[in-house]
Colleague: 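Below is one structure. I have some questions about it.
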Amino acid sequence: MAETKSLFITQINKKQMSNQKKIFYFLFFLISFQLFSQTPSIKTNIRVALWSQIDAYPELEYKEETTYSYQINELKELAPFIFSGMIYGWKFIYTPSDKQRKVDEYFELIPIQEINEITNPITYKEPWIQDNKLYSWCECSRTKDQYQNYLLWSSIQNPVINGIGKGDIKKGFLGIKEATINSVKNAIREHYRKLIKNKPKEIQGSVLIREIPTIGIDAGQYIINLDFFLEYGKIREYTQY
């Protein structure tokens, strides 16, 4: 009888240990899933946390304080702009300043192609407010062809460059766009300074955003830090001094 009771208790303990293991594995899976769902992604399914400043425009009187319509609209302008730079990239035309030739610096950034809601629909998930900013996870998936294009960009033949740019916060989305353009320009300028001894007349090429953008604010300006893949294009030299 004692042996039977002991065996029964042992079986109960084993079942309890088995249940505890199941609970442990379930909790581990749940935590891992939550962490994964909050992790930025770049390759196939792009997932980026973007934000819009809530009180960046004190001159505006918000009538819809609880709806954050201005910030939502700004996010819906920002996300396609950033995703286009990640999926298709931009062409650039750069003319370095040359005081001796009385040439002003010129830089132009041209979308290779802009994403659309049919091919690359964007979803906005899990919005939250932090540090007086309205955040949202913005998600967009590459097509198979776009993923293959990303792999081509990321080949060893294309160097990686980095640039930091600034833009006026009062301009809202246009300020972030300005900061992005300055980021590309600064990255291009610093890269080619190391390669070319004499200032060229014009440099052409293309860039693709390779990492999650870092966007911040300092002294009334947006600051964006971007890494790019660089695809070399044409370099036009001056024919004579």
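Nothing here was measured: the structure is a model prediction, and the numbers come from that model.
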Colleague: What distance do Y124 atom OH and I72 atom CD1 have between them, rounded to the nearest 0.5 Å?
Modeller: 10.5 Å
Colleague: Please lay out, stage by stage, how F228 and W153 fare under the test ring pair (Phe, Tyr, Trp, His ring centres under 6.0 Å).
Modeller: CA-CA 10 Å; F228 307 96; W153 272 95; 10.0 Å; no
Colleague: Within a reach of under 6.0 Å around CD of E114, are more than 12 heavy atoms found that belong to other residues, nucleotides or ligands?
Modeller: no
Colleague: For L226 and P213, which heavy atoms make the closest approach, and how far apart are they?
Modeller: CD2-CB, 3.4 Å
Colleague: Which pair of heavy atoms, one from G85 and one from L208, lies closest together, and at what distance?
Modeller: O-CD1, 3.5 Å
Colleague: Find out whether I54 and Y70 are in side-chain contact, i.e. whether some heavy atom of one side chain is under 4.5 Å from a heavy atom of the other.
Modeller: no
Colleague: For A179, is there any backbone N or O sitting under 3.5 Å from a side-chain donor or acceptor partner on S183?
Modeller: no
Colleague: Is there a donor-acceptor pair under 3.5 Å between the side chain of E178 and the backbone N or O of D168?
Modeller: yes
Colleague: Is there side-chain contact between L109 and K91, with at least one heavy-atom pair below 4.5 Å?
Modeller: no
Colleague: Between N225 and T214, is there a donor-acceptor pair closer than 3.5 Å when you use the side chain of the first and the backbone of the second?
Modeller: no
Colleague: Hey, does L195 have a side-chain heavy atom less than 4.5 Å from the side chain of Y232?
Modeller: yes
Colleague: Can S52 and E74 be said to form a side-chain hydrogen bond (donor to acceptor under 3.5 Å, both in side chains), step by step?
Modeller: CA-CA 7 Å; S52 174; E74 192 171 69; 2.4 Å; yes
Colleague: Indicate yes or no for a side-chain donor-acceptor contact from Q146 to the backbone of T143 under 3.5 Å, with no hydrogens or angles considered.
Modeller: yes
Colleague: A side-chain contact here means heavy atoms from C-beta on lying under 4.5 Å apart; do P200 and I203 qualify?
Modeller: yes
Colleague: Could you tell me if E105 and S97 have a donor-acceptor pair between their side chains, going purely by distance under 3.5 Å?
Modeller: no
Colleague: To the nearest 0.5 angstrom, please state how far the CG atom of L174 sits from the OH atom of Y222.
Modeller: 10.0 Å
Colleague: Given the rule in the side chain to side chain contact (heavy atoms under 4.5 Å, CB included) test, do S154 and F229 qualify, once you have shown the distances and angles that lead to the verdict?
Modeller: CA-CA 7 Å; S154 60; F229 294 117; 3.5 Å; yes
Colleague: Please evaluate residues R210 and D227 with respect to the criterion salt bridge (charged side-chain N to carboxylate O under 4.0 Å, His left out), reporting the C-alpha separation (whole Å), side-chain torsions for both, the decisive distance (0.1 Å), and the verdict.
Modeller: CA-CA 6 Å; R210 67 178 290 270; D227 282 354; 3.5 Å; yes
Colleague: Looking at K166, I'd like to know if its NZ atom is crowded, meaning that more than 12 non-hydrogen atoms belonging to other residues, nucleotides or ligands lie closer than 6.0 Å.
Modeller: no
Colleague: Kindly say whether the aromatic ring centers of Y192 and Y94 come within a distance under 6.0 Å.
Modeller: no
Colleague: Using modelled atom types and a 3.5 Å cut-off, is there a donor and acceptor pairing between side-chain atoms of N120 and backbone atoms of N116?
Modeller: no
Colleague: Distance from I181 atom CD1 to N186 atom CG, nearest 0.5 Å?
Modeller: 12.0 Å
Colleague: Go through the steps for Y135 and W128 under the test ring pair (Phe, Tyr, Trp, His ring centres under 6.0 Å), then give the verdict.
Modeller: CA-CA 5 Å; Y135 284 83; W128 75 96; 5.0 Å; yes
Colleague: Find out whether the Lys NZ or Arg CZ of R142 is both under 6.0 angstrom from the six-membered ring centre of Y147 and within 45° of the ring's axis.
Modeller: no
Colleague: With the side chain counted from C-beta on, respond yes when I188 and K185 share a heavy-atom pair under 4.5 Å apart, and no when they do not.
Modeller: no
Colleague: Might you work through the side chain to side chain contact (heavy atoms under 4.5 Å, CB included) test for I87 and I46, ending with a clear yes or no?
Modeller: CA-CA 9 Å; I87 292 175; I46 306 173; 3.8 Å; yes
Colleague: State whether E237 and K201 are salt-bridged, where the test is any N-O pair (Lys NZ or Arg NE/NH1/NH2 against Asp/Glu carboxylate O) under 4.0 Å.
Modeller: no
Colleague: Measure from NZ or CZ of K133 to the centre of the six-membered ring of W51, then state whether that distance is under 6.0 Å and the direction lies within 45° of the axis.
Modeller: yes
Colleague: Would you say the side chains of S141 and N45 form a donor-acceptor pair under 3.5 Å?
Modeller: yes
Colleague: For the residue pair Y88 and F83, establish whether any side-chain heavy-atom pair is separated by less than 4.5 Å.
Modeller: no
Colleague: Does any donor atom in the side chain of W137 or E139 lie under 3.5 Å from an acceptor atom in the other side chain?
Modeller: no
Colleague: Between E202 and Q204, does any side-chain donor sit less than 3.5 Å from a side-chain acceptor?
Modeller: yes
Colleague: Is there a donor-acceptor pair under 3.5 Å between the side chain of T95 and the backbone N or O of Y106?
Modeller: no
Colleague: Any chain of hydrophobic side-chain contacts (each under 4.5 Å) joining I93 to I112?
Modeller: no
Colleague: Please report the interatomic distance CG(D104) to CG(D98), rounded to the nearest 0.5 Å.
Modeller: 10.5 Å
Colleague: How long is the span from the CG atom in N182 to the CD1 atom in I223, to the nearest 0.5 Å?
Modeller: 11.5 Å
Colleague: Do N158 and L230 have side-chain heavy atoms sitting under 4.5 Å apart?
Modeller: no
Colleague: Do you reckon M86 sits in the same ILVMFWY cluster as L151, going by side-chain contacts under 4.5 Å, direct or chained?
Modeller: yes
Colleague: With a 6.0 Å cut-off (strictly less than), is the heavy-atom count around NZ of K177, excluding the residue itself, greater than 12?
Modeller: no
Colleague: Tell me whether Q157 at atom CD has more than 12 heavy atoms from other residues, nucleotides or ligands lying less than 6.0 Å away.
Modeller: no
Colleague: Please check: side-chain N/O of N149 versus main-chain N/O of D145, any donor-acceptor pairing under 3.5 Å?
Modeller: no
Colleague: With rounding to the nearest 0.5 angstrom, report the CD1 to CD1 distance, I224 to I164.
Modeller: 10.5 Å
Colleague: Could you tell me if the side chain of I169 sits less than 4.5 Å from the side chain of I217, heavy atoms only?
Modeller: yes
